[in-house]
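The block underneath contains the structure these notes are about, expressed in structure tokens.
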Number of protein chains: 4
Amino acid sequence: MSILSSTIPHSELATRYCTVRSATEALASRLTPEDQMVQSMPDASPTKWHLAHTTWFFETFILGPHANKYRPFNEHFKYLFNSYYKQLDGHPLRSVRGAFSRPSLEDISAYRAHVDAAVESFLSEDSPALNDEIAALLELGLNHEQQHQELIVTDIKHAFWTNPLRPAFIKARPQSTDKTSEMEWIEYAGGVSQIGHTGGEFSFDNETPRHKVLLSPFRLASRLVSNAEYMEFMEAGGYRRSELWLSDGWDHITANAWQSPMYWEKAENGWQVFTTSGMQPLNLGEPVCHVSYYEAEAYARWRGRRLPTEAEWEVAAAALPVKGNFAESNRFHPGASEDASRSQMFGDVWEWTSSSYSAYPGYRQSAGALGEYNGKFMCNQFVLRGGSCATPESHIRATYRNFFPPHARWQFMGVRLADDRA
Amino acid sequence: MSILSSTIPHSELATRYCTVRSATEALASRLTPEDQMVQSMPDASPTKWHLAHTTWFFETFILGPHANKYRPFNEHFKYLFNSYYKQLDGHPLRSVRGAFSRPSLEDISAYRAHVDAAVESFLSEDSPALNDEIAALLELGLNHEQQHQELIVTDIKHAFWTNPLRPAFIKARPQSTDKTSEMEWIEYAGGVSQIGHTGGEFSFDNETPRHKVLLSPFRLASRLVSNAEYMEFMEAGGYRRSELWLSDGWDHITANAWQSPMYWEKAENGWQVFTTSGMQPLNLGEPVCHVSYYEAEAYARWRGRRLPTEAEWEVAAAALPVKGNFAESNRFHPGASEDASRSQMFGDVWEWTSSSYSAYPGYRQSAGALGEYNGKFMCNQFVLRGGSCATPESHIRATYRNFFPPHARWQFMGVRLADDRA
Amino acid sequence: MSILSSTIPHSELATRYCTVRSATEALASRLTPEDQMVQSMPDASPTKWHLAHTTWFFETFILGPHANKYRPFNEHFKYLFNSYYKQLDGHPLRSVRGAFSRPSLEDISAYRAHVDAAVESFLSEDSPALNDEIAALLELGLNHEQQHQELIVTDIKHAFWTNPLRPAFIKARPQSTDKTSEMEWIEYAGGVSQIGHTGGEFSFDNETPRHKVLLSPFRLASRLVSNAEYMEFMEAGGYRRSELWLSDGWDHITANAWQSPMYWEKAENGWQVFTTSGMQPLNLGEPVCHVSYYEAEAYARWRGRRLPTEAEWEVAAAALPVKGNFAESNRFHPGASEDASRSQMFGDVWEWTSSSYSAYPGYRQSAGALGEYNGKFMCNQFVLRGGSCATPESHIRATYRNFFPPHARWQFMGVRLADDRA
Amino acid sequence: MSILSSTIPHSELATRYCTVRSATEALASRLTPEDQMVQSMPDASPTKWHLAHTTWFFETFILGPHANKYRPFNEHFKYLFNSYYKQLDGHPLRSVRGAFSRPSLEDISAYRAHVDAAVESFLSEDSPALNDEIAALLELGLNHEQQHQELIVTDIKHAFWTNPLRPAFIKARPQSTDKTSEMEWIEYAGGVSQIGHTGGEFSFDNETPRHKVLLSPFRLASRLVSNAEYMEFMEAGGYRRSELWLSDGWDHITANAWQSPMYWEKAENGWQVFTTSGMQPLNLGEPVCHVSYYEAEAYARWRGRRLPTEAEWEVAAAALPVKGNFAESNRFHPGASEDASRSQMFGDVWEWTSSSYSAYPGYRQSAGALGEYNGKFMCNQFVLRGGSCATPESHIRATYRNFFPPHARWQFMGVRLADDRA
């Protein structure tokens, strides 16, 4: 990533650090130490691990190399909480993160406090070591931690869903309306535009360099696809009609017996969905969520439309303010578009694009372990845009590129339709 | 199992119940709530689950059907803590037991207290409901709980081994001697003997009916195979010589790259083994432990000997007192045979026999869910005898039949040699 | 195996050799070169491979070590047609036998002719090299070839079944009667008997040593379980009632969605079965066939009976003449027991026993590669007795022990009930 | 695909049909009926199946719906030789194609003759049924058959490689030079260009619509990466340095123990490669071949370069004549670039691009079963360009898009480097 210089004034780093770290702990505080142990599938991680790994990041990339006299909290943690950086000294298998009863949550809290104290000291006025490159690393670490805040929510949602007791992460939320604004088409002229990050504020390296793209005229739906609309697809036999699906998608839904989005369950009195507030009746006005790329693509095909490319999405989003239903609302559930003013472009659910995740023209991966952050995943993944109800508002922007393999659906993921202009 | 009548006077049931239940809790008290969450492989279970499942047994088979006005602690537990009884209302997949952060350990403790109070009330003098069949069920439940006491130890040992920090379950034990008594052959005449349980005290149904067997003259080793002896096998290339192995065994050790017993690790300064007290230097005098049937059988073949049949073992053991290194010693680790008086027939390690686990002549499985306890596992398993350092002393006897598939080795399992008499 | 001395007069060896080898070729001659290529599952082998491997046996164990000046047909075949003898120089993966278009069938035929000529020369009057041990090896090779004759039939049956055209191995057979003699119980007194081979004629080593067994009084069904009877089990929900099954069996039938014996297919006009003569309507009088141990055991349990032990079976069979429906009838399909005189103890289908395949008391595996013939499979297999409609009559005897894992069912395998005597 | 109208004059269809069909048979004629049975992995198919499936295409899409009175050769073939068209009546599992000894090769030849006669009759002057749409279908069928000609070669190469005898498909080829022209950079200005097919001659639908692309200035290597250059990567530890690899790629090479391109084997006297002429010493001047996308991408990264996008490749190729080392040379092996005039842009090996296989802007999949031809594979595949030594010359063009998943390497696949212009 472009880690040449920080976009935060050094004087504000300590405050920002404190704000982000506290937000993580606020999330975790909703959970017991036992809850924070659960790893319900290899792709997900225990909360406790997220708490430790984000801390490890500051220790490994900032305190270790740059803070004079910093003493690691525990020599074993260097290995234990490395996620996937192969250029460091190895890491445990992802699938056994749930086996780490030790260190205890108490130890992890002490680890966080130890690192927090060291970072705060490092950032204090008297510290001569802080320079702009290190400030940039710190900013990266904070953005990294915000990514894990989102994963804490999506991973515990999955964990609680595998528990037959179906616990809730938050108290029951007020039901949003089941009405939805009418879907309209918004037209875009196409032509040569620019996408990618301009560099004024923080971005990940995969958002750069900013570059020109050439687009045909296109249009985008004024809001997300709703549960009501997706139900029409299901009722039209969408999950049984092979011609609607990518070949890999058909194989996947067949092998896994998928017949609805994730977390949907048919009860006697209609569809229920598992939410961060436990099981709830399906709200037809809310955007469809927890669908894979396969399902998003099949739905669009069935409607005779298509998914947007990431360039189309970004061109459209660049003109809009970054506001919506984010983590700060503490709902952790997407909401309906009650009226036409609510485009849902930011927040609610990540929107699948038809773009494979690949390098922008001129992109070069950084050297060293941090170069592994983004570039090595540019294969068999699709780009999602716009953030979700579990994304911190300060973390998202129009140029932000998220990515997941086409079968993934445990994140808050949904669909916005696109089409060519006649 | 033979559940017609209890072998414990009714007046002693309450005391016995209390003793066994407390022993379980004493084991668990060595562990944090987080430790009690860990399931490190599908065959193993979290401690918390063992605590709940053993309680479920009393609720399901005694309190539910027989205790007037008993109110279940939580309706969901009926499903949640069923292990494998298909005739009941289903059970969760074994592999997700580690995902149950809820109910919390605190809830499980309350569940135990709730059931304990109800059982104690049921057993009190005024209870008219207690009859001999129910007393027998209770006795079965206590023996069932003792089986899970052993599993708590073997499962947490495995769990801690998967943790890179390698925690200890108990404080470091005093090192036993690395000397071993000389191995001698004890001769047996063979002929017609009887094996199986006589019925005076408790037994599982698979130990019955007592019946005649016809044995050729045989001999048994005076003690278990030691680590020193097993090392000779390893140094002679035992794990690389296909001709020493069963076909399935060779495939298994090749596919899993086994080159030593489980928990052995070669360090710079020699072999280390993971124990309930953490990593320890290998003690050559101790019996070899954590070997599969495949390894036990290959070792015996390499020595030009064989494993005993279960009938041979029982005929020899019937004459001996049930004493040895059991769970009560709180060592949870096998010890050396320092002198010829210590035969190690009981305790230390379970001894693999060459006998497939099958029904005794005339055996009939009970009707109902409890009939699933033993009979349905009579396939692709081998019998082990004698108990181990994790078995409660009051739980074992000469007729006791334990069984595991030939590749299993996370229990305390070892080898005693046998041979035909010239 | 006991290969000390041959049981065939040396003067008859050449004739016997010619007879057995011709029988193999007669079977293969029903098939095209393309048919002889097919390997439809890893457990089965192409006909062409059977032709070559049986020839390899004579080359490897007799001509190579003992025939002066013998020159191998092709140096590569030593490796290519080794089945599983680890002590020789390796062998190809079992699962790729179907990839060997080269050597061609023509080459394999030339290989057979080359080895036949060398063996015949070796057996000729002038050969000084022939001694009793070599004669015993040759006899073993002929019995080995007969085993592969049976596999040629069962493997091509499976191969043709996977072909949507469902070809026939032999012309349509005359339908046998769908009536069955009444099933009666034949009583046996039990007590001490002897089983195992006496040594007068050929046997495999796993049939020795002959030894005493102690049996309780028992009874055996007068004939095999019929399709009609097995249908009652199916109609009573046999495949849906977990309490009838071994735990492994239930897992297996669930995972594989078994709902009937292998090769059964429900058509509009009733059950059809795939036979060596292609698809045929199910004949209710014929013995049920192509059932696994799991199914045999569940059926017996449902009837309130059990399977015989191998000792019980042998004691009963020892008194009977070896006659029945064998390969020589060229039907390759089991037939009904039309009247009480037809016990079906020999031929028709192999009969599952409840005995795990293990060593007889005093059994010692031979040294060298031939020691791998039997002993290394004594794990997780059950014994079957009596031969089938694909077994050569001269190959079977009362002491013969066949063995397969409990899930196997592509051999001609069926069920005879046993019970304790009241 | 764009099947509105044929690009071949109707009067030439019969000749073209005959030419293409004969070329297929000429390839197959190098093989025995047994060779044509082999399926050595699920991704590959037996030659016999290719012969039948290409014929099935004409029967299913032309003769069946359009030829009056056409009678199918065999009703079962409709199902048997469907590859993957889900909208038709089903198809066998891909992995069992090697089990089809019946129909015999002789039957398949008769099937081909039957269909050929019907097509020729249909194309004859008197046939009133031929119209432009049908002519276009026929042209599609011929291009489809040419694709399978290439697969016949790559699949039998794989099949023969799994055979320990390592047979040759063609006689030993003359060794090409091991000298290679110097690699130079050819510069391209970038800007707005057009890619995609113009429609004058045949193309597949995935090459359309022709559309504008905006390219940054770039440069391409003047020839393919040679074996000598790839060896430098290997000798620099390329297969052991995780930082050079995509995350999926590293997992894949680790799990499969890849340490060189496919078909390479290290012998005592140096590297050997398996070719269509059997094992041969590695020729350092030849282009590296049988590498996956993962390897191509890691190699480029190690060189500090990158792979071309498909647009870059096409812009460069559009200016060049379609000539090179194709199937017509009957070498079926890539050759060295002896001098600078030989760019290897067409023929030799397919060139991996960094472009995921996806729809061109404005692309719409056809309705009906033929719509499954291309669109449903647009997921987790990368585009390859330029054809190979197994591609018919008349089949390839600058706009042609081939695609395979990133781990595939049994096709003739290689690497051309690209870079940004300074």
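So you know, we letter chains A, B, ... as the sequences are listed, proteins then strands, and number each from 1. Just so you know, these numbers use all the heavy atoms, side chains as well, and skip hydrogens, waters and symmetry mates.
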Measure distances from C/Pro103 to the heavy atoms of chain D and classify the residue's part below 4.5 Å as side chain, backbone, both or neither. both
So does D/Asp43 get a backbone contact from the side chain of D/Arg94, meaning a donor-acceptor N/O pair under 3.5 Å? yes
Which word best sums up how the rings of C/His144 and C/Phe57 line up, parallel for under 30°, tilted for 30 to 60°, or perpendicular for over 60°? parallel
Just so I understand: if I count every heavy-atom pair under 4.5 Å between each of C/Val96, C/Asp35, C/Leu165, C/Leu105 and chain D, which residue has the most? C/Asp35
For the pair C/His148 (side chain) and C/His50 (backbone), establish whether a donor and an acceptor sit closer than 3.5 Å, ignoring hydrogens and angles. no
Mind ranking D/His76, D/Arg102, D/Met37 by heavy-atom pairs under 4.5 Å with chain C and telling me who comes out on top? D/Arg102
Anything under 30° is parallel, anything over 60° is perpendicular, the rest tilted; go ahead and classify C/Tyr85 against C/Tyr373. tilted
For chain C, the option from D/Ser40, D/Ala159, D/Ser101, D/Ser104 that forms the most heavy-atom pairs under 4.5 Å: D/Ser101
Name the orientation class of the two ring planes belonging to D/His53 and D/Trp56 (parallel below 30°, tilted from 30 to 60°, perpendicular beyond 60°). parallel
Could you tell me which of D/Leu80, D/Leu31, D/Leu93 has the largest number of non-hydrogen atom pairs under 4.5 Å with chain C? D/Leu80
